[in-house]
There are 2 protein chains.
Amino acid sequence: MPYPAKLTTDTILSAALTLLEQGGPDALAMRPLADRLGVRPSSLYRHYPDRAALLGTLEDHAARDLHAAMSQAATGRRGHEALHAAAHAYVEYARSHPHLYGLLLAPRAPGLAGPGAGKDLWNHVLTLIEGVTHTPDDTDAAVALWAFLHGFAVLDRSGQFGLSGPRSGFERGLSSFIRGLTS
Amino acid sequence: MPYPAKLTTDTILSAALTLLEQGGPDALAMRPLADRLGVRPSSLYRHYPDRAALLGTLEDHAARDLHAAMSQAATGRRGHEALHAAAHAYVEYARSHPHLYGLLLAPRAPGLAGPGAGKDLWNHVLTLIEGVTHTPDDTDAAVALWAFLHGFAVLDRSGQFGLSGPRSGFERGLSSFIRGLTS
DNA sequence: GTCTATACTCTGATAGAC
DNA sequence: GTCTATCAGAGTATAGAC
């Protein structure tokens with residue numbers, strides 16, 4: 001299994017992603033990461049200056065990945081249909097990549113608010129909203145929609161609602177929300 | 001300042017709460033906690049079996065505290081007014097006690113879903129919803145409302161929306177949601 | 001019920017040889 | 001670009017004296 005034995009930023013990133021998804025952020029430590037790559041921990045620092053840089057790159061990856069999932073789901077649909085499809089893709093992504101998704105809305109150091117990959121995601125939400133309300137740059141509505149999506153994703157993960165509850169609550173909430181926005 | 005120099009579960013809890021609110025869950029460690037109480041770390045284990053027990057107690061405290069804040073805000077109001085007031089109290093609580101609030105929806109070990117203080121909070125949300133929709137035990141609507149509240153609290157904390165965005169988004173979202181529920 | 005002392009495991013990170 | 005070796009520190013928890 002051991003490859004030509006050289007590291008690249010991508011092979012490291014891929015291994016880091018696996019560790020993150022399997023055991024959460026605390027499991028993504030430099031030593032286990034090095035073990036998994038068949039390498040000594042210090043070697044990693046040639047490719048990423050520190051652990052924070054690695055996490056930052058993963059965060060970017062998550063933003064892009066989630067955005068891609070929503071875009072793909074909305075492709076070929078318009079208005080309510082596009083919004084519904086993208087919303088489903090959102091919670092489905094959060095469900096299937098819980099820890100990666102968890103990086104996205106972690107509190108940031110003030111002033112470091114990301115100008116990066118999250119922007120595209122935000123613009124996408126704005127576009128979906130516009131397709132329903134016909135109001136461009138309706139940030140209030142976009143904030144509200146995102147809040148609902150994120151909140152649902154977290155509640156779903158927390159497992160506080162037994163088994164059946166969440167899913168139908170999602171349909172009901174999303175529909176009510178859209179109806180309320182457009183009336 | 002040093003008192004009769006004896007620990008109680010409550011003095012420990014109070015100091016733990018301070019550490020938690022000041023520096024987040026990672027700052028709540030046994031050693032700093034003991035320092036703050038003028039005591040050796042090992043002494044703490046006479047009162048709490050381990051750190052997890054301490055966190056669990058704090059979690060209960062958070063649930064009760066948040067519930068109290070919502071109840072007080074809703075007292076003397078009915079229907080939409082009660083719901084709006086409690087909703088505001090919710091996000092305000094999350095804003096002023098971010099780390100304590102953060103304990104509430106942390107993922108739990110499956111099967112350990114809390115039968116504890118969170119139940120009262122849930123029932124309160126159900127009552128608020130019933131006051132608006134006149135439907136008892138409308139769990140779908142309650143899940144949707146809670147999702148929106150929680151999601152907004154997190155987005156607000158994440159600071160990804162500049163400064164002005166979130167607040168008006170909250171009003172818009174809450175009103176739309178209620179309108180959608182009742183139409 | 002608090003103390004001293006300590007065991008143990010884990011972390012991120014660096015210097016310098018090869 | 002990877003290695004060995006190591007630093008400097010964090011953490012939870014326990015045994016046994018007082």
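In the text below, chain A, chain B and the rest are named by the order of the sequence lines, each starting its count at 1.
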#### Entry: Step-by-step ring pair (Phe, Tyr, Trp, His ring centres under 6.0 Å) determination, B:His88 to B:Phe170
CA-CA 9 Å; B:His88 273 95; B:Phe170 179 69; 5.2 Å; yes

Starting at atom [atom1] of [X], determine the distance to atom [atom2] of [N], rounded to an integer number of angstrom.
X       : N      : atom1 : atom2 : value
A:Asp35 : D:dT2  : CG    : P     : 15 Å
B:Leu55 : D:dT12 : CG    : C1'   : 13 Å
B:Met30 : D:dA10 : CE    : P     : 16 Å
B:Leu44 : C:dG1  : CG    : P     : 13 Å
A:Tyr45 : C:dG16 : OH    : C1'   : 17 Å
A:Tyr48 : C:dG12 : OH    : P     : 16 Å

Give a yes or no on whether [X] atom [atom1] has more than 12 heavy-atom contacts from other residues, nucleotides or ligands under 6.0 Å away.
X       : atom1 : answer
A:Arg77 : CZ    : no
B:Arg36 : CZ    : yes
A:Gln72 : CD    : no

### Message
As a test of reading the structure: which of C:dT2, D:dG11, D:dT2 is closest to the side chain of A:Leu7, going by heavy atoms?
### Response
D:dT2

Pairs under 3.5 angstrom, nitrogen or oxygen only, protein versus nucleotides 4-7 of chain D, please.
from	atom 1	to	atom 2	distance (Å)
D:dT4	OP2	A:Arg40	NE	2.6
D:dT4	O4	A:Ser42	OG	3.0

### Query
Parallel under 30°, tilted from 30 to 60°, perpendicular over 60°: which one fits the rings of B:Phe177 and B:Phe148?
parallel

### Message
On DNA chain D, does the nearest nucleotide to A:Arg46 precede the nearest nucleotide to B:Arg46 from the 5' side, or the other way round? Give the residue.
### Response
A:Arg46

### Query
B:His47 and B:Thr9: which non-hydrogen atoms are nearest, and at how many Å?
O-CG2, 4.0 Å

### Query
What pair of heavy atoms forms the shortest contact from A:Ile129 to A:Ala142, and how long is it?
CG1-CA, 4.0 Å

### Query
Going by heavy atoms in the side chains, are A:Pro98 and A:Glu21 under 4.5 Å from each other?
yes

### Task
Tell me what B:Arg51 touches on the nucleic acid: a base, only sugar-phosphate, or nothing, going by heavy atoms under 4.0 Å.
sugar-phosphate

### Query
For the helix from C:dG1-D:dC18 to C:dC18-D:dG1, what angle lies between the axis at the first five pairs and the axis at the last five pairs, to 10 degrees?
0°

### Query
Does A:His97 have any ring pair (Phe, Tyr, Trp, His ring centres under 6.0 Å) partners at least two apart in sequence or in another chain, and if so, which?
A:Tyr93

